[in-house]
Amino acid sequence: MDEQRYLYVSDVGKHEVRRYKLGEKNGTRVAGGNGEGNGRSQLNVPAYLFVDRQQNVYVSDRDNHRVMKWNKCAKEGIVVAGGQSQGNALTQLSCLQGIFVDALGTLYVVDSLNDLVTRWTQGDKKQDTVIVCGKVRRAGANQFNVPIGLSFDRQGNLYVVDWNNNRVQRFYIE
């Protein structure tokens, strides 16, 4: 839900994101909706969403291994992370899930199959920076076994949902 109280819903069957006003039944398509695919106007399993203050919609396009940004009223999205096929290089993502964009425009992405959280800054959308590393599925501190979601609190702590370890871990990110 954004600051104007619009609700955003991803539809994995229709490969689209819709925005609903309170009481509205049909909503307005704001991303995807042009069939399953990897074109700039398409999505392939839109999993998680983030809406910024300008009503730009960020979509974790899970099966395309990329994050798409749809500016308000845009007909096509912009690849802002990944999109270089599935993999574990710094330019790639693998089954991304949760996403978050901070006030400076920095994008944080949960890369589930690589067991890590990455950061994509405004100036460099071609390569990520690993901020919490996994790579080896374990249950120890600072390790993940299929992370899926993330959030920040007001003090800057990062919380990561660690699916197969049945826990939420907290990290301080500088």
Side-chain angles (χ1 to χ4, degrees), residues 1-87 89-113 117-129 131 147-154 156 158-161 173:
M1 186 169 274
D2 67 18
E3 291 181 346
Q4 287 80 33
R5 300 185 44 89
Y6 285 101
L7 177 66
Y8 294 77
V9 178
S10 62
D11 185 330
V12 297
K14 293 182 180 177
H15 305 283
E16 70 180 17
V17 176
R18 296 188 83 75
R19 180 181 65 217
Y20 294 87
K21 192 176 191 177
L22 191 61
E24 190 177 39
K25 293 187 187 209
N26 294 326
T28 303
R29 185 178 62 212
V30 294
N34 294 299
E36 176 184 335
N38 64 0
R40 289 176 36 137
S41 66
Q42 296 177 303
L43 297 168
N44 190 357
V45 185
Y48 288 74
L49 308 174
F50 185 89
V51 182
D52 67 17
R53 291 176 183 233
Q54 293 76 39
Q55 294 182 315
N56 299 313
V57 179
Y58 294 78
V59 181
S60 64
D61 191 7
R62 193 190 74 194
D63 288 358
N64 283 326
H65 312 288
R66 66 186 183 183
V67 176
M68 297 289 289
K69 177 183 178 185
W70 295 71
N71 293 319
K72 186 176 179 181
C73 301
K75 300 292 183 210
E76 292 185 338
I78 303 163
V79 177
V80 294
Q84 303 295 317
S85 74
Q86 182 178 9
L90 291 178
T91 59
Q92 296 175 306
L93 295 166
S94 188
C95 193
L96 66 145
Q97 297 287 339
I99 56 176
F100 184 90
V101 180
D102 68 16
L104 300 174
T106 303
L107 171 67
Y108 296 84
V109 178
V110 174
D111 189 334
S112 288
L113 294 185
V117 176
T118 60
R119 174 175 50 208
W120 301 72
T121 61
Q122 248 333 13
D124 186 9
K125 297 293 184 186
K126 303 292 183 224
Q127 181 172 314
D128 65 349
T129 302
I131 60 169
I148 60 167
L150 78 161
S151 187
F152 283 88
D153 65 19
R154 293 176 193 239
L158 168 67
Y159 296 85
V160 180
V161 178
I173 305 300

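In this text, all values refer to a predicted model and were calculated from it rather than measured experimentally. Heavy-atom basis, side chains included; hydrogens, waters and symmetry copies ignored.
Looking only at distances, a side-chain donor or acceptor of Gln42 sits under 3.5 Å from a matching main-chain atom of Asn34. Listed for the His65 side chain is a donor-acceptor partner under 3.5 Å among the backbone atoms of Cys95. Using modelled atom types, one side-chain atom of His15 and one backbone atom of Val45 make a donor-acceptor pair closer than 3.5 Å. Checked by atom type and distance alone, the side chain of Gln84 never pairs as donor or acceptor with a backbone atom of Gln92 at under 3.5 Å.
Arg62 is not listed as a side-chain neighbour of Asn44, based on a closest heavy-atom distance of 4.5 Å or more. By the 4.5 Å heavy-atom criterion applied to side chains, Val67 and Leu96 are counted as neighbours. Between Tyr108 and Leu158, the closest side-chain pair of non-hydrogen atoms is not below 4.5 Å. Contact check for Asp102 versus Phe152: no side-chain heavy atoms found under the 4.5 Å cut-off. Put simply, the side chain of Leu113 reaches to within 4.5 Å of the side chain of Gln86, judged on heavy atoms. At least one side-chain heavy atom of Val79 sits under 4.5 Å from a side-chain heavy atom of Met68. Considering only heavy atoms from C-beta on, Tyr159 comes within 4.5 Å of Asp153 through its side chain. At a threshold of 4.5 Å between non-hydrogen side-chain atoms, the residues Lys69 and Asn71 count as touching.
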Audit row: Val59, Trp70, side chain to side chain contact (heavy atoms under 4.5 Å, CB included) steps and yes/no: CA-CA 8 Å; Val59 181; Trp70 295 71; 4.2 Å; yes

Side chain to side chain contact (heavy atoms under 4.5 Å, CB included) assessment of Val30 paired with Tyr6: CA-CA 12 Å; Val30 294; Tyr6 285 101; over 6 Å; no

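Across all non-hydrogen atoms, the minimal contact from Val109 to Leu93 is CG1-CD2, 4.1 Å. Across Leu107 and Ala81, no two heavy atoms sit closer than the pair CD2-CB, 3.7 Å. Counting all heavy atoms, side chain and backbone alike, Lys25 lies closest to Tyr20 at O-CE2, 3.5 Å. Of all non-hydrogen atoms in Gly87 and Ser94, the two that sit nearest each other are O-CB, 3.7 Å. Looking at every heavy atom in both residues, Val110 comes nearest to Pro147 through CG1-O, 3.2 Å.
Gln97 and Ser60 share no donor-acceptor pair across their side chains, judged by distance under 3.5 Å alone. Remark: the Ser41 side chain and the Glu76 side chain contain no N/O donor-acceptor pair separated by less than 3.5 Å.
Atom OG1 of Thr121 sits about 10.5 Å away from atom CG of Leu104, to the nearest 0.5 Å. Taking CG of Leu43 as the start and CG of Asn38 as the end, the distance is 10.5 Å to the nearest 0.5 Å. Atom-to-atom distance recorded for Arg29:CZ and Lys14:NZ is 10.0 Å, nearest 0.5 angstrom. A distance of 7.5 Å separates CG in Leu150 from CZ in Phe100, rounded to the nearest 0.5 Å. Annotation: the span from Arg18 atom CZ to Glu24 atom CD amounts to 8.5 Å, rounded to 0.5 Å.
Note: Phe50 and Tyr58 have perpendicular aromatic rings, judged against thresholds of 30 and 60 degrees for the angle between ring planes.
Judged as a salt bridge (charged side-chain N to carboxylate O under 4.0 Å, His left out), the pairs with a partner in residues 45-61 (not counting sequence neighbours) are, in order, Glu3-Arg53, Asp61-Arg66.
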